[in-house]
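Scroll down for the structure; my scribbles are underneath it.
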Amino acid sequence: MRRNHSRARLVERICARLVPPLRGWPAFRRRFSLSVALIALSACDPGPQTQLVGAGATFLSPLVDAWIDQFNEDHPKSAFLFSATGSGLGIDLFASDAVDFAFSELPIDAKNMPRDSYFRVPVIAGCLVVTFNLDGIDEINLSRADLVAIFSGEITNWSDPRLRSDNPAIDFPDLPISVVHREDPSGSSYNFSSFLSLISPEWRDSIGAGSTVYWPLGRGALGTNALLKELDHLHGAISYADLGRAESAPSLGIAIIENKSGNFVRQSEASIKTALEVVGPFNPAHLLDPSDPEASPLSLISYMYLHRSYATEAKATAMIAFAEYILSEGQRQAESLEYVPIPESLRLGVMSALAEIGL
Amino acid sequence: MMKAARSAFFYLCLWIFATVSGQVEGDQSNEGFSIDRFAPWMSEELFMPPAEPGESVLVMVDFYLVAVTDIDLTSQRFTVITSRVIQWNDQRLAFDPEKVGRGSVEFTNQAALEVLRAMWNPTVSIANRYYDNSPLFADILLTIYHSGLVTYEIEDSVSASYTADLHHFPFDSQTLTLTLSTFGRLQESIDLELLSAIPASDTNKIVPSNYMFTGMTSDKLSRTLMLGSPDYININIKVDRRGRYYVWRHMLPLIVLAMISSTVFWMTGTALHDRLKITAISMLTIVTFMLFLNRELPRVPYLTVMGCFYVSIFLLPLCAAIQSMVVDSALKKGNRERAEMVDRIARIAFAPMLVLFFITIFYLRTFSR
């Protein structure tokens, strides 16, 4: 109490020196005036927030939302916003300077944006899974040939004998297979069609790979959320989505895809790490179909795109802080959502490069 | 002769009318919009829902809030600009992209409406929309993808009603609700799902300046057992009123006014006429403030926080008037010391009385709810 009292007197004396009219006033009037002044000051708005807007992949949107929520709470002077527009639209917006950052698995076309004007930072690893809606069936094995046959329309019914041969214990229903795919430009479509192209020369020659392809059959959906809703709504539907959301959907099962060694390895954090260790993060194609017997296919790396320079120092500082957060505490958050942190050596190298971001 | 001429003239007019309205055989000039020009793969069998009998069509909506342009407290209506993207699958609309030359076909505005008239569509609308006489504007984009996915994007200005809860006015929060609903040609065949409800990125600027945007939520009303009852999705836009406007423009001036009315306690006790004049003017000024404020508010049957403050501040000059009469009465009885004591007490107790009145009235109001 004594300390608070002397501190209050010190504040009074300082304010009296700063505000000459206060000097001659009795003590209670000075305190009253200072109280009113302090209340008035507290009624003023604190300075404006630095707002940064991003767009990109629906594949890791749950994780990005978690990152942003935590970062905004810890750094109230900046406000990050993210819109899961899909990888294709995300990097288009980034290349046209409409957003401050983007998340995507897709590369940026050099014609749209010179390579030296942005950073492409690997931030997280994950995997796509083939997911389906069949009552009472949570897991099936799917050979590479059968996978291509389903998505190209050769296998049209779940009771097809080819599916039974890899799953003798499962009683498949007599139900048409409804393929659902992404219609918007997406990293998930890019990676999945790339995988199909890798394992099937016929697919590579006829349909190919890309963020949007002319799927030979099936229903379309815009965004991962819409795709999962279609899957949930349609009995007998099959599609591709990220592991975390597929596992959290109670009505959907997961197909274990045969790997290059002929093994059926369940997609998990361990199998993704195995793929990363063997292939490394800079061979996305090999990551999709690694040769290790314990690795699962369809592993991928997601990247964060940042501009090399920003319009204001506040934006550049906030962006660096956010990227550093993602590469440090954000990696721990990722594990709880079924994503895999990037290797430590890579993480440290990327963090040192972030210092180059400026005005 | 005249009769024949009149008959001929009548039939001539009838023929002209029939020709113009396209009723004459062989007149194709008013055939109107032809779907074949835009979508030759479409057929006349598209009016039924794209689902088997007994199954429902999944219709998904992305809702984007561009801005809340107006919140009218008196009429309890608000106006928003929104963008809604509605998507559903209709396999009958699938086409070969190699033949058409593209993976999707787009129609805008009038053309989009004409195409929609020629096919089944879920007709997602805002159920609590308020229609006034102002012209409706909407930008519409209809896209049909080669897989049969249809997306219908509409951006328009929507007015709707809401129920204001003003118990905490001017520090209140309001929830502005838009209700999405669908009525298709067979209502029970539509399963409406909300994919996302997001506001524009700069949330500081999407509401009027006297409000602050605090978030958006959504909830789906489950269907009743009645056949044909559509799904409803409520999108709730939460805003907080920036009460500082009322603090600076109403509360502080009134407090100053009340302080002015307290100057009577320093006036001569015998100047009753002058003391009463000051308190009466204060009370009338407070009433004027109150009248101006009431014009902005709907007629609610309860006392708001601002109302509690007004009543409290009104009581102060009233008390000062009563105190002046007590002082005058004491002086007339020759009790000068008592009169001065009453004035001294009033000088000290005047400000705390405001707090006491406010707490009492606020407590009574809360207790009686």
Side-chain angles (χ1 to χ4, degrees), chain A residues 32 36 39-40 42-45 48-55 58 61 65 72 79-86 93 98-100 176 178-185 206-207 210-235 237, chain B residues 50-52 55-62 64 85-91 93-104 143-153 190-205 212-213 242-245 247-248 251-252 255 351:
Chain A
F32 178 75
V36 169
I39 291 168
S42 69
C44 298
D45 283 326
Q49 272 183 330
T50 303
Q51 205 160 59
L52 292 107
V53 180
T58 57
S61 64
D65 289 339
N72 283 343
F80 279 78
L81 297 160
F82 176 73
S83 180
T85 57
L93 290 170
V99 295
D100 300 302
S178 302
V179 171
V180 184
H181 52 78
R182 290 280 295 274
E183 204 66 73
D184 52 316
S206 59
I207 298 160
S211 58
T212 53
V213 294
Y214 290 155
W215 299 90
L217 78 163
R219 295 168 173 247
L222 295 183
T224 304
N225 286 342
L227 183 141
L228 290 170
K229 291 259 188 217
E230 280 282 358
L231 273 175
D232 188 54
H233 184 257
L234 207 54
H235 289 299
Chain B
E52 298 299 317
E55 289 181 359
S56 60
V57 181
L58 179 63
V59 176
M60 294 174 280
V61 182
D62 282 291
Y64 182 72
V85 180
I86 302 152
Q87 57 174 299
W88 69 95
N89 266 283
D90 190 343
Q91 297 292 287
L93 300 175
F95 59 88
D96 186 348
E98 307 276 330
K99 287 185 181 168
V100 176
R102 40 167 58 184
S104 63
T143 307
I144 302 175
Y145 293 84
H146 69 95
S147 62
L149 174 70
V150 184
T151 64
Y152 172 66
E153 184 173 347
I190 297 171
D191 187 7
L192 187 64
E193 291 282 345
L194 182 70
L195 286 176
S196 65
I198 55 175
S201 54
D202 192 352
T203 55
N204 293 327
K205 293 179 182 169
M212 189 166 61
F213 176 81
R242 291 181 195 269
R244 281 186 205 143
Y245 166 80
V247 171
W248 294 114
M251 288 178 167
L252 279 181
I255 289 173

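The structure displayed is predicted, hence computed values, not measured ones. In what follows, chains carry the letters A, B, and so on, assigned in the order in which the sequence lines appear, proteins first and then strands, with residues in each chain numbered from 1.
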Query - Chi angles and distances behind the side chain to side chain contact (heavy atoms under 4.5 Å, CB included) call for A:E183, B:H146 - result: CA-CA 9 Å; A:E183 204 66 73; B:H146 69 95; 3.5 Å; yes
Report summary line: Looking only at A:V53, A:L222, A:L217, most heavy-atom pairs under 4.5 Å shared with chain B are made by A:L222
Query raised in the report: Is chain B contacted by the side chain of A:S83, its backbone, both, or neither, given a heavy-atom distance below 4.5 Å?
Result: side chain
Query raised in the report: Which bit of B:V57 is near chain A, if near means a heavy-atom gap under 4.5 Å: side chain, backbone, both or neither?
Result: backbone
Report task. Could you have a look at B:L195, B:T151, B:L58 and say which one has the most heavy-atom pairs with chain A under 4.5 angstrom? Result -> B:L58
Query raised in the report: Within the side chain of B:N89, is there an N or O that forms a donor-acceptor pair under 3.5 Å with the backbone of A:G220?
Result: yes
Report summary line: Separation between CZ (A:R219) and CG (B:D90), nearest 0.5 Å, reads 9.0 Å
Report summary line: Taken to the nearest 0.5 Å, the spacing of B:Y145 OH from A:D184 CG works out to 7.5 Å
**Report entry** Which atom of A:A226 lies closest to which atom of B:Q87, heavy atoms considered
**Finding:** CB-NE2, 3.6 Å
**Report entry** Toward chain A, the part of B:L194 with a non-hydrogen atom under 4.5 Å
**Finding:** backbone
Requested in this report: Before giving the answer on side chain to side chain contact (heavy atoms under 4.5 Å, CB included), spell out for A:H233 and B:E193 the whole-Å C-alpha distance, their side-chain angles and the decisive distance to 0.1 Å.
Outcome: CA-CA 11 Å; A:H233 184 257; B:E193 291 282 345; over 6 Å; no
Query raised in the report: Does any non-hydrogen side-chain atom of B:D96 lie less than 4.5 Å from one of A:Y214?
Result: no
Query raised in the report: When rounded to the nearest 0.5 angstrom, what is the spacing between OG1 in A:T85 and CG in B:D62?
Result: 11.5 Å
Report task. Please state whether the side chain, the backbone, both or neither of A:V213 comes within less than 4.5 Å of a heavy atom of chain B. Result -> backbone
